[in-house]
Amino acid sequence: MSRESRTPPEPEISDEDTALFRSAVRGVRALHGGRVERRAPPPTPRADFRRRDERAVVRELGECEPTGADVETGEELSYGRPGLRPGVLRRLRRGQYPLQAELDLHGLTVPEAHDALADFLRECAAEGTRCVRVIHGKGLRSAHRGPVLKGKVNLWLRRRDEVLAFVSARPADGGTGAVYVLLRVP
């Protein structure tokens, strides 16, 4: 069985179609030399700006500070320095370390609270105080903004060298509106 390659028959063009075509192209002039100049294909697009933007976003995420909105009203805070023994956070959460000092930040602005907390922690470290309570509030009067000081205290405590760990307090001691802070003793 041999297969022959068949080309379809060319359609017949009527005299009417030919006349219609000629009237449509009347007045059209041929291009110079009848040749079309070929251009090199455009370079393939590269996502340089996109890559640069993505790198900038990653860099900015590493630099940005969490805002108060990053911590919800009822959310518990918990932090322990790397290398801290596992039972330390559990005992701190249960309130098994005796509280030796307390700082209440209610009613302070963010800059005032920052300065008060820094001074308090510095004094406690100098005196050899081991465990303190910091009352930041739950942010219930902050309306839609959420707890402003709670988020700031969370950030500030993580950055202090003298802070080993902190957790939200037991309900009797302020619950999610306060933290127990365990300090490094010299």
Side-chain angles (χ1 to χ4, degrees), residues 47-186:
D48 287 340
F49 289 112
R50 179 177 173 200
R51 276 190 229 109
R52 194 174 332 150
D53 287 345
E54 287 172 352
R55 283 192 301 266
V57 167
V58 169
R59 188 174 51 254
E60 289 171 9
L61 283 174
E63 296 171 356
C64 76
E65 292 186 9
T67 63
D70 292 332
V71 179
E72 296 295 324
T73 302
E75 186 177 344
E76 289 192 12
L77 301 180
S78 181
Y79 170 78
R81 289 231 179 262
L84 195 67
R85 289 178 298 176
V88 172
L89 274 178
R90 186 174 54 249
R91 286 194 301 276
L92 187 60
R93 188 172 286 112
R94 291 178 181 167
Q96 293 178 337
Y97 291 100
L99 294 175
Q100 298 169 300
E102 179 178 289
L103 174 67
D104 190 346
L105 300 174
H106 277 110
L108 299 181
T109 63
V110 171
E112 291 170 343
H114 181 268
D115 293 343
L117 182 62
D119 292 342
F120 176 70
L121 293 175
R122 209 174 297 114
E123 289 172 18
C124 288
E127 295 170 2
T129 305
R130 176 90 169 137
C131 187
V132 299
R133 178 173 57 167
V134 176
I135 303 168
H136 48 71
K138 295 182 181 182
L140 299 177
R141 288 181 279 167
S142 298
H144 65 281
R145 293 181 305 152
V148 176
L149 286 182
K150 182 176 184 175
K152 295 295 185 182
V153 166
N154 182 32
L155 173 70
W156 297 334
L157 290 175
R158 290 170 187 264
R159 292 185 173 175
R160 299 295 299 211
D161 289 334
E162 62 266 48
V163 174
L164 293 175
F166 63 88
V167 295
S168 289
R170 294 178 304 151
D173 287 332
T176 59
V179 288
Y180 298 136
V181 182
L182 193 62
L183 301 172
R184 179 176 283 129
V185 178

#### Entry: Pairs where residues 105-114 contributes a residue and the test salt bridge (Lys or Arg N to Asp or Glu O under 4.0 Å) is met, not counting sequence neighbours
none
### Query
Leu149 and His136: which non-hydrogen atoms are nearest, and at how many Å?
CB-O, 3.8 Å
### Task
Could you pull out the closest heavy-atom pair between Tyr97 and Cys131, with the gap in Å?
CB-SG, 3.8 Å
### Message
Measuring from atom CG of Leu183 to atom CG of Leu157, what distance do you get when rounded to the nearest 0.5 angstrom?
### Response
9.0 Å
### Task
Could you note down all residue pairs passing salt bridge (Lys or Arg N to Asp or Glu O under 4.0 Å) where residues 176-186 supplies at least one of them, sequence neighbours left out?
none
### Query
Got a sec, which residues hit side-chain hydrogen bond (donor to acceptor under 3.5 Å, both in side chains) with Arg81, two or more places apart in sequence or on another chain?
Tyr79
### Message
Quick test of your reading: applying salt bridge (Lys or Arg N to Asp or Glu O under 4.0 Å), list the pairs with at least one residue in residues 91-111, sequence neighbours left out, ordered by first then second residue.
### Response
Glu102-Arg133
#### Entry: For the student: nearest non-hydrogen atoms of Leu182 and Leu92, plus distance
CB-CD2, 4.1 Å
Please tabulate, one pair per line, all N/O donor-acceptor pairs under 3.5 Å involving side-chain atoms of residues 160-172, not counting sequence neighbours.
unit_1 : atom_1 : unit_2 : atom_2 : d
Arg160 : NE     : Glu162 : OE1    : 3.4
Arg160 : NE     : Glu162 : OE2    : 3.3
Arg160 : NH2    : Glu162 : OE2    : 2.7
Ser168 : OG     : Leu77  : N      : 2.7
Arg170 : NE     : Tyr180 : OH     : 3.2
Arg170 : NH2    : Asp173 : OD2    : 3.3

Please set out all donor-acceptor pairs under 3.5 angstrom arising from side-chain atoms of residues 115-127, sequence neighbours excluded.
unit_1 : atom_1 : unit_2 : atom_2 : d
Asp119 : OD1    : Arg122 : NH1    : 2.9

### Query
Considering residues at least two apart in sequence or located in another chain, which fulfil the side chain to side chain contact (heavy atoms under 4.5 Å, CB included) criterion with Val185?
Arg130
